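Scroll down for the structure; my scribbles are underneath it.
Note that these values count all heavy atoms, side chains included, but never hydrogens, waters or copies made by symmetry. Remember, it's a predicted structure, so these values are computed and weren't measured experimentally.
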Amino acid sequence: FKEELPGMMLLMDEDNNQEISKRDLKSMLFNPEACAALQAVGVDPVGLVDFTDFLFEDEDAVVPIDDLLDLLLQLRGSNAAMVKDLVDMRRLLVMEMHKLEMRLTSLIADSTLSGVSDHQLDAMR
């Protein structure tokens, strides 16, 4: 795995910046050799397709190849969940809830400014 997959990722890295984009990763997941290498170490390529939306929140985002390889090894199905994983999950959920709260607050503020009555806002809550 450590020998095969980095080479495949480097082939996908068209601008040679040692980073992989969402598009690059998805195209690599259509490569049978790459999928076989992932499966050989216990990473589910189908599950990884779903994970790409989480990994690349932005369509233009990139991830360094070394970081992606480390992450792939952490995603093996044979890995047991650790307390650190639960703490990381909690931190992520808190951050996402905060982002959602900020968006909702902004939407409410915008709708208040655009003439929505307090009665209509109460009905939305």
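- Counting heavy atoms from C-beta outward, L68 and L25 have side chains that approach closer than 4.5 Å.
- Residues Q18 and P64 are not in side-chain contact: their nearest non-hydrogen atoms beyond the backbone lie 4.5 Å or more apart.
- None of M89, E96, R91 except one satisfies the side-chain contact (heavy atoms from CB on, under 4.5 Å) rule with L93; the exception is M89.
- Here the CD1-CG distance, from I20 to L69, works out to 8.5 Å after rounding to the nearest 0.5 Å.
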| request: Any chance you could lay out the side-chain contact (heavy atoms from CB on, under 4.5 Å) test for M102 and K99, step after step, and finish with the verdict? | output: CA-CA 5 Å; M102 298 304 289; K99 286 180 190 176; 5.8 Å; no
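- Hydrophobic clustering, defined by side-chain heavy atoms of Ile, Leu, Val, Met, Phe, Trp and Tyr closer than 4.5 Å, groups V83 together with V87.
- Closest of all the heavy-atom pairs between L71 and F51 is CD2-CE2, 3.6 Å.
- For N31 (side chain) and A34 (main-chain N/O), a donor-acceptor pair under 3.5 Å exists by modelled atom type.
- Atom NZ of K26 and atom CG of L48 lie 10.5 Å apart (nearest 0.5 Å).
- In this structure a side-chain-to-backbone donor-acceptor pair under 3.5 Å is missing from D70 to D67.
- In this structure, the separation between CG on D24 and CG on L29 is 11.0 Å, given to the nearest 0.5 Å.
- A continuous path of Ile, Leu, Val, Met, Phe, Trp and Tyr side chains, each step under 4.5 Å between heavy atoms, connects M28 with I65, placing both in one hydrophobic cluster.
- Summarising the geometry, atom CZ belonging to R90 is positioned 12.5 Å from atom CE belonging to M95; distances are rounded to the nearest 0.5 Å.
- A80 and D85 make their closest contact through O-OD2, 3.9 Å (heavy atoms, listed as atom of the first residue, atom of the second, distance).
- Note on L55 and V46: separate hydrophobic clusters, where clusters join Ile, Leu, Val, Met, Phe, Trp and Tyr whose side-chain heavy atoms are under 4.5 Å apart, directly or indirectly.
- Under the 4.5 Å side-chain heavy-atom criterion for grouping Ile, Leu, Val, Met, Phe, Trp and Tyr, V63 is connected to V49 within one hydrophobic cluster.
- One finds the CG atom of L100 at 6.5 Å from the CE atom of M97 (value rounded to the nearest 0.5 Å).
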